[in-house]
Amino acid sequence: YMKRRKCWSRYPPGPVSLPFIGTILQIDYHNPHVSFTQLSKKYGNIYSLQNFWTNVVVLNGFKAVKEALVNKSEDFADRPFFPAYRHLGYGEYNQGLVMAQYGQVWKEQRRFTLCILRDFGMGKKSLAQLVTEEAGYLCSVFSSNEGQSFDPHYLINNAVSNVICFLTFGTRFDYEDQKFQSLLHLLEQSMQEEAGLLPQVLNSLPFLTHIPGIMPKVFRHQKEFMDYIAEIVNAHKETWYPSSKQNITEAFLEEIEKKKDENSCFNYQNLTLMIGDLFAAGTETTTTTLRWGLLYMILYPDVQSKVQEEIDAVIGRNRSVSLEDQENMPYTRAVIHEIQRFGDIVPAGIPHKTYRDTEVEGFFIPKGTTIMTNLSSVLKDEAMWENPHRFWPEHFLDANGQFVKREAFIPFSAGRRICLGEQLAKMELFLFFTSLLQHFTFHIAEDHPKPREDGCFAFTLVPHPYYIKAVSR
Ligand code: HEM
């Protein structure tokens with residue numbers, strides 16, 4: 001195992017590391033970003049922890065995170081290997097995308113997936129139309145709940161997932177489809193399995209993963225989720241006729257046929273992992289952002305009315321929303337950006353690993369160190385934002401009410417591992433959010449407890465369940 005940290009000069013400082021367990025008790029793994037920020041008050045923006053034998057460095061605040069992810073992008077582009085993934089089918093040539101080691105396999109998968117997403121219309125009109133259509137279905141089901149209090153969570157989740165379903169399988173699922181609903185529940189439960197201390201312990205002490213029965217128990221839902229995805233992928237494999245390239249699965253199948261190489265990342269197991277990754281990375285995050293969005297609209301009704309005024313002026317009540325409208329809607333854009341900033345959806349980022357020896361702000365960080373990027377501390381950096389701890393859309397507006405970009409706005413992270421779906425996510429957020437507010441005004445459901453503004457950590461930071469009332473405009 002790795003050297004203990006005392007051996008390096010200029011290694012970042014950190015809390016005292018106890019024998020065997022290291023600093024594991026310093027972090028509340030149900031709220032890691034909060035612990036990270038608290039520790040930065042004592043040890044500075046760059047400090048070290050130790051998970052058993054694994055060296056971890058935490059980067060806080062815009063300056064440190066930018067230096068690492070943007071200026072030294074490749075040095076920080078690797079991912080730690082979690083032995084827990086082995087039981088989901090990870091191996092040398094099948095690592096999916098999100099947790100793939102930095103190298104040829106990742107590069108090839110990332111390039112392929114980006115190309116294919118662009119071919120199928122990421123950022124294009126055709127896909128925008130599809131999202132707008134889905135937003136239409138969502139509005140109709142909201143209409144059928146009109147006047148009653150309801151929890152919009154699973155309806156939004158289904159609508160958002162349908163976009164990924166369309167891209168990966170060429171189909172959408174009806175909101176009443178019980179089987180699909182159960183897949184969405186499984187996905188949510190598998191995210192929750194990542195939170196807490198136990199997964200940390202298992203990932204740091206690989207020998208524990210050999211205890212019979214422990215992996216299926218702790219990561220039960222992740223396995224079920226992957227089995228389910230494998231089932232859908234297999235069904236496609238059976239009915240696919242070569243050279244048809246209607247969706248990502250078919251494009252991948254064609255690549256497998258073309259290569260016919262055992263030592264290639266284009267294999268069936270990796271297809272399943274890749275599709276699983278697109279679901280996991282692409283649906284929960286976007287759903288959660290929209291849930292925060294509706295929550296802020298009922299908590300800040302003045303902001304809601306101003307968005308609606310802009311919608312009425314630019315789009316009107318009847319025409320469908322289109323992507324080009326964004327140009328003329330600085331306030332709505334600012335609100336969506338502020339939802340992402342203040343909602344802080346992936347607060348602790350996804351773990352990175354150093355690809356070679358490197359430094360940040362003069363601190364030495366050796367190759368193979370696990371790096372946590374505290375994205376929350378950037379989105380709420382007191383040196384970068386006027387009102388970091390308030391929902392304030394004016395962060396993204398200049399004195400003339402025009403939209404302005406902010407450099408500390410990195411909800412999708414930055415550098416080589418920046419979110420692959422950023423463009424797709426932005427398109428979905430604008431089209432869903434604007435369509436909903438074009439058709440409805442949302443209110444607090446008086447017959448339910450007042451919604452809470454704090455979140456619940458399960459890899460993503462999600463709102464506590466809340467009820468709303470939708471009134472047609
Ligand atoms: C990675 C955020 C939507 C696919 C990430 C990362 C973040 C993130 C913070 C980690 C980057 C890093 O390692 O530093 C978000 C947010 C979204 C969103 C906030 C929605 C509002 C999507 C969508 C897709 C997607 C719709 C699907 C196409 C991915 C993939 C990665 C990733 C594949 C891994 C990239 C890699 O390791 O090379 N995302 N994401 N994301 N995201 Fe997203």
Side-chain angles (χ1 to χ4, degrees), residues 33 59 65-66 68-70 72-80 95-103 105-118 120-123 127 131 156-157 159-168 187 191 247-248 265 273-293 336-337 339-355 370-376 378-379 409-433 459-462:
H33 57 294
L59 304 175
V65 171
K66 182 183 175 208
L69 293 185
V70 180
K72 295 177 181 158
S73 192
E74 190 172 54
D75 294 1
F76 289 87
D78 208 358
R79 296 270 192 229
Q95 308 189 346
L97 244 173
V98 180
M99 291 313 288
Q101 307 294 111
Y102 182 69
V105 169
W106 169 80
K107 275 189 195 150
E108 212 173 321
Q109 282 306 301
R110 179 148 176 138
R111 197 179 311 125
F112 170 81
T113 313
L114 261 178
C115 275
I116 215 88
L117 279 173
R118 292 207 179 110
F120 287 123
M122 183 158 84
L127 188 59
V131 177
I156 296 177
N157 198 9
V160 168
S161 304
N162 273 345
V163 178
I164 292 282
C165 274
F166 175 78
L167 288 166
T168 51
L187 178 56
M191 306 286 262
N247 51 58
I248 296 182
C265 51
L273 287 168
M274 222 257 304
I275 303 286
D277 272 357
L278 290 181
F279 265 90
T283 65
E284 206 55 28
T285 43
T286 314
T287 302
T288 304
T289 310
L290 287 168
R291 287 178 67 204
W292 281 118
I336 294 172
H337 280 67
I339 292 167
Q340 288 200 272
R341 185 196 72 82
F342 194 61
D344 199 4
I345 322 297
V346 191
I350 297 181
H352 287 238
K353 189 173 83 177
T354 41
Y355 186 59
T370 298
I371 304 293
M372 300 303 299
T373 50
N374 184 354
L375 297 184
S376 181
V378 182
L379 295 177
F409 180 73
I410 56 160
F412 298 100
S413 187
R416 273 185 213 216
R417 287 283 191 162
I418 191 172
C419 175
L420 177 125
E422 174 176 1
Q423 259 190 311
L424 176 62
K426 285 188 157 162
M427 172 169 167
E428 288 188 59
L429 291 179
F430 177 73
L431 296 173
F432 277 121
F433 182 76
F459 171 69
T460 48
L461 194 63
V462 298

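Because the structure is a prediction, the values reported are computed rather than measured. Whatever order the structure lists ligands and atoms in, that order sets their numbers, starting from 1.
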Nitrogen or oxygen atoms of [X] and ligand 1 under 3.5 Å apart:
X: Arg416; result: no
X: Arg110; result: yes
X: Thr286; result: no
X: Glu428; result: no

Spacing of CZ belonging to Arg416 relative to CG belonging to Asp78, to within rounding of 0.5 Å: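 Going from CZ on Arg416 over to CG on Asp78, the span is 12.0 Å.
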Check each of Thr373, Val98, Ile350 against atom 34 (C) of ligand 1 and report the one with the nearest heavy atom.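 Nearest heavy atom to atom 34 (C) of ligand 1 lies in Val98.
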Could you work out, for atom 42 (N) of ligand 1, the closest of Cys419, Ala280, Gly282, Ala77 by heavy-atom distance?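 Of the listed residues, Cys419 has the closest heavy atom.
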Considering only heavy atoms of [X], which atoms of ligand 1 have at least one such atom less than 4.0 Å away?
X: Leu97; value: 37 (O)
X: Ser413; value: 11 (C), 12 (C), 14 (O)
X: Pro411; value: 2 (C), 9 (C), 19 (C)
X: Thr289; value: 21 (C)

Run through [options] and flag the one making a side chain to side chain contact (heavy atoms under 4.5 Å, CB included) with [X].
X: Leu420; options: Leu114, Val98, Asp277; answer: Leu114
X: Val160; options: Thr285, Leu429, Thr286; answer: Thr286
X: Thr283; options: Thr288, Asn162, Val163, Ile164; answer: Ile164
X: Thr373; options: Val378, Leu69, Ile350, Ile410; answer: Leu69

Taking 4.0 Å as the limit for heavy-atom contacts, which would you say applies to Glu422 with ligand 1: side chain only, backbone only, both, or neither?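 It is neither; nothing of Glu422 touches ligand 1.
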Measure Gln340 to ligand 1 on non-hydrogen atoms and call it side chain, backbone, both or neither using the 4.0 Å cut-off.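 Just the side chain.
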Stepwise side chain to side chain contact (heavy atoms under 4.5 Å, CB included) check, Phe459 with Val346: CA-CA 7 Å; Phe459 171 69; Val346 191; 4.1 Å; yes
Parallel, tilted or perpendicular: ring planes of His337 versus Phe409, cut at 30 and 60 degrees: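 Rings of His337 and Phe409: tilted, 30 to 60°.
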Would you say Leu375 touches ligand 1, if touching means a heavy atom closer than 4.0 Å?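 A heavy atom of Leu375 does come that close to ligand 1.
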Is the closest heavy-atom distance from Lys426 to ligand 1 below 4.0 Å?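 Flag not set, Lys426 not near ligand 1.
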Side chains of Arg79 and Gln95, heavy atoms from C-beta outward: is any pair under 4.5 Å?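 Of all side-chain heavy-atom pairs linking Gln95 with Arg79, none is under 4.5 Å.
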Would the distance check show the side chain of Trp292 and the main-chain N or O of Leu461 forming a donor-acceptor pair, the cut-off being under 3.5 Å?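 Present.
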